[in-house]
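Before any comments, here is the structure.
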Amino acid sequence: MFHARSVLVGLLFAMLVSVARAQDVLPLDKITNQAELDKTVTALDAALFDSYNHCDLQKFSSFFVDDVEFYHDQGGLTLGNAALTASVKKNICGQTTRELVPGTLQVFLMKGYGALEVGVHRFHHPGHEDTIGVGEGKFIHLWQYKDGAWKVTRVISYDHHAAAK
């Protein structure tokens, strides 16, 4: 009985968080100030990387345009949503999780287009951090608001290095 109740409480909490995040995401034309833009992109970032961390590839893929360009300082260029999603499936799922470094997120309005997100993130390797360590890198996401949806059109992921202990 306790286990079933715990599962139910967990599911309800996840649903509430999901609804709260959805309410934080405004359409571009409804954003009137920096706080609303920050809140929107922060919610988008959290949802994107929740799908990344949980290997929900269908949801992950939904955050990117079909012709996304992903530039990585160590992995090179990945072109297209299908290739990016396949790369995450092969190299990330079950191996790596991402954490946004608190206080590093910056968001800039791209008038008539969307937003530019800049920040620092850490990559953990659950169960293997003693041998692999924790990585850190900087990122830029270019978010476009089009046809009622926010999607990433360009990613630049760079300055990857071991995180300071």
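Quantities reported herein were computed from a predicted structural model and do not represent experimental measurements.
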Contacts of T97 meeting side-chain hydrogen bond (donor to acceptor under 3.5 Å, both in side chains) (sequence neighbours excluded), chain-then-number -> none
Applied to residues 62-103, the ring-ring contact (aromatic ring centres under 6.0 Å, His included) test, sequence neighbours excluded, yields F60-F64, H72-H160
Closest non-hydrogen contact found for E36 with T32 is OE1-N, 2.6 Å
Within-4.5 Å side-chain heavy-atom neighbours: V134 and F123: no
Kindly list each side-chain donor-acceptor pair under 3.5 angstrom involving residues 106-120, sequence neighbours excluded, with atom names and distances?
unit_1: Y113; atom_1: OH; unit_2: T153; atom_2: OG1; d: 2.9
unit_1: E117; atom_1: OE1; unit_2: H141; atom_2: ND1; d: 3.2
unit_1: E117; atom_1: OE1; unit_2: W143; atom_2: NE1; d: 2.8

dist S61:OG -> L84:CG (nearest 0.5 Å) comes out at 8.0 Å
### Message
Looking at N81, is its backbone amide N or carbonyl O close enough to the side chain of T85 to form a donor-acceptor pair, meaning the two atoms are under 3.5 Å apart?
### Response
yes
Are I156 and L77 connected in the hydrophobic side-chain network, where two residues link if heavy atoms are under 4.5 Å apart? yes
Atom pairs and distances, donor-acceptor, side-chain atoms in residues 42-49, under 3.5 Å, two or more places apart:
unit_1: T42; atom_1: OG1; unit_2: D38; atom_2: O; d: 2.7
unit_1: D45; atom_1: OD1; unit_2: R98; atom_2: NH2; d: 3.1
unit_1: D45; atom_1: OD2; unit_2: R98; atom_2: NH1; d: 2.7

Are any non-hydrogen side-chain atoms of L57 and C93 less than 4.5 angstrom apart? yes
Task: Joint cluster assignment, I140 & V41, ILVMFWY side-chain distance < 4.5 Å - done: no
Across all chains, not counting sequence neighbours, the side-chain hydrogen bond (donor to acceptor under 3.5 Å, both in side chains) partners of T131 are none
Residues 63-74 vs salt bridge (charged side-chain N to carboxylate O under 4.0 Å, His left out), sequence neighbours excluded, gives E69-R154
* Asked: Are more than 12 heavy atoms from other residues, nucleotides or ligands located less than 6.0 Å from atom CD of Q74?
  -> yes
Practice task
Mind running side chain to side chain donor-acceptor pair (under 3.5 Å) on H124 and E99 for me, showing each step along the way?
Solution key: CA-CA 8 Å; H124 299 272; E99 163 198 18; 2.7 Å; yes
State, with a plain yes or no, whether a side-chain heavy atom of S157 is found less than 4.5 Å away from one of H121. yes
Between the OG1 atom in T104 and the CD atom in E136, the distance rounded to the nearest 0.5 Å is 8.5 Å
Heavy-atom side-chain contact between Q144 and K151 under 4.5 Å: no
Same cluster or not: L142 versus L26, using hydrophobic residues (I, L, V, M, F, W, Y) connected whenever any side-chain heavy atoms lie under 4.5 Å apart?
no
(Q) Is there a path of hydrophobic side-chain contacts, each under 4.5 Å between heavy atoms, that joins W150 and V65? (A) yes
Do the side chains of F139 and L100 get nearer than 4.5 Å, heavy atoms only? yes
